[in-house]
Amino acid sequence: MSGKQEPRKDTQVEPLRRPLRWLWLAAAVIVLDLGTKALAAGLLSYAQPVEVLPFFNLTLLHNTGAAFSFLAGHPGWQRWFFAVIAVGASIGLTIWMTRLKADEKLLAVSLALIIGGALGNLYDRLVHGHVVDFLSFHVAGWYYPAFNVADIGITLGAIGLIWESTLGERRRARRRQG
């Protein structure tokens, strides 16, 4: 052994270039969400299902609560509570997005989807006082709670965060080991 050490590989990852460019995806979620909600509100009668497939209906519903109508039965304070959460989460996730590394593109997509969904539902809360839901799946008399495109964005974003937190960490650990 000569006492010389091998040159160490640089394990630092560059910051993601222009991380806020991913906000176009958030804007797309918002536009698609608000557009589909406007169509649903204009074409559907409240609480009257329109069968599309044997397991899927379009059913216009208003949700004053959160996911699965959580807190919907309260007198109205929850509207502002969920609005504050949506604004705070969107700001926090946008700040997080600015700190991403070049190898965290899935994380950028996930954050953008959540931001878009949060802001789509925020618009409903502020303008209508409730969130417009219209996608309704059911099987054998059991109905999954109705949801909308914003909820799909939030769900896909959350799945991406979980995926990235498990597999992304493994990838980063392999890179550190060189």
Side-chain angles (χ1 to χ4, degrees), residues 6-40 52-53 55-56 58 61 63 65-71 81-127 131-139 144-178:
E6 291 276 327
R8 196 174 150 190
K9 291 182 182 177
D10 186 12
T11 58
Q12 293 287 46
V13 178
E14 294 293 318
L16 183 62
R17 279 189 60 225
R18 299 183 359 246
L20 295 182
R21 76 173 185 256
W22 290 98
L23 290 178
W24 70 265
L25 183 56
V29 170
I30 294 166
V31 168
L32 186 60
D33 178 59
L34 297 181
T36 56
K37 288 174 179 174
L39 277 172
V52 177
L53 296 169
F55 57 89
F56 173 63
L58 295 174
L61 297 171
N63 182 0
F68 309 111
S69 296
F70 176 66
L71 297 178
F81 175 70
F82 292 128
V84 168
I85 288 174
V87 169
S90 297
I91 291 169
L93 295 176
T94 302
I95 291 168
W96 184 4
M97 190 181 283
T98 66
R99 298 176 180 167
L100 295 179
K101 302 294 184 197
D103 64 344
E104 295 178 315
K105 289 182 179 76
L106 174 59
L107 192 51
V109 168
S110 300
L111 296 175
L113 289 170
I114 294 169
I115 292 166
L119 294 178
N121 282 341
L122 173 65
Y123 175 88
D124 277 5
R125 287 186 200 291
L126 296 179
V127 172
V131 173
V132 175
D133 290 325
F134 62 93
L135 301 170
S136 175
F137 286 87
H138 56 91
V139 62
Y144 188 80
F147 58 97
N148 57 47
V149 172
D151 298 333
I152 294 170
I154 292 168
T155 301
L156 291 176
I159 291 168
L161 285 178
I162 293 166
W163 182 276
E164 181 62 22
S165 71
T166 56
L167 298 180
E169 186 54 40
R170 289 182 193 160
R171 182 181 67 244
R172 287 184 286 279
R174 283 194 302 271
R175 186 181 335 98
R176 283 191 297 269
Q177 292 173 351

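- With rounding to the nearest 0.5 angstrom, the CG atom of L107 is 5.0 Å from the CG atom of L100.
- Residues N148 and N121 have side chains that bring a donor and an acceptor to within less than 3.5 angstrom of each other.
- Annotation for L126 and A83: closest pair CD2-CB, 4.1 Å, computed over non-hydrogen atoms.
- Within the 4.5 Å cutoff, side-chain heavy atoms of L111 are placed close to those of L161.
- Between D151 atom CG and D33 atom CG the span is 7.5 Å, to the nearest 0.5 Å.
- The CD1 atom of I91 sits 10.5 Å away from atom CD1 of I115, with the distance rounded to the nearest 0.5 Å.
- Heavy atoms only, all atoms of each residue included: L25 and A112 are closest at CB-CB, 3.9 Å.
- Side-chain contact check for D124 versus L34: some heavy-atom pair is nearer than 4.5 Å.
- Using cut-offs of 30° and 60° on the angle between ring planes, the pair F147 and F137 is parallel.
- R125 contributes atom CZ, which lies 6.5 Å from atom CG of N63 (distance to the nearest 0.5 angstrom).
- The side-chain heavy atoms of M97 and L23, taken from C-beta on, include a pair separated by under 4.5 Å.
- Side-chain contact between F82 and V131 is absent, with no heavy-atom pair separated by less than 4.5 Å.
- Counting only residues at least two apart or in different chains, side chain to side chain donor-acceptor pair (under 3.5 Å) contacts with residues 83-95 are absent.
- Counting heavy atoms from C-beta on, the side chains of F134 and T36 come closer than 4.5 Å.
- Residues L106 and L167 have side chains not in contact (no heavy-atom distance under 4.5 Å, counting atoms from C-beta outward).
- A pairwise comparison of heavy atoms in V149 and V29 identifies CG1-O, 4.4 Å as the closest pair.
- Note that the CD1 atom of I154 and the CG atom of L119 stand 9.0 Å from one another [nearest 0.5 Å].
- Taking all atoms of both residues into account, the shortest heavy-atom contact from L61 to A146 is CD1-CB, 3.7 Å.
- Among residue pairs with one or both ends in residues 83-101, none qualify as salt bridge (Lys or Arg N to Asp or Glu O under 4.0 Å); sequence neighbours excluded.
- The line from CH2 of W22 to CD of E104 is 12.5 Å long, rounded to the nearest 0.5 Å.
- For E164, the side-chain hydrogen bond (donor to acceptor under 3.5 Å, both in side chains) partners are R171, R172, not counting sequence neighbours.
- For the pair L135 and F56, the minimum side-chain heavy-atom distance is below 4.5 Å.
- Residues A118 and A86 approach most closely at O-CB, 3.9 Å, considering heavy atoms.
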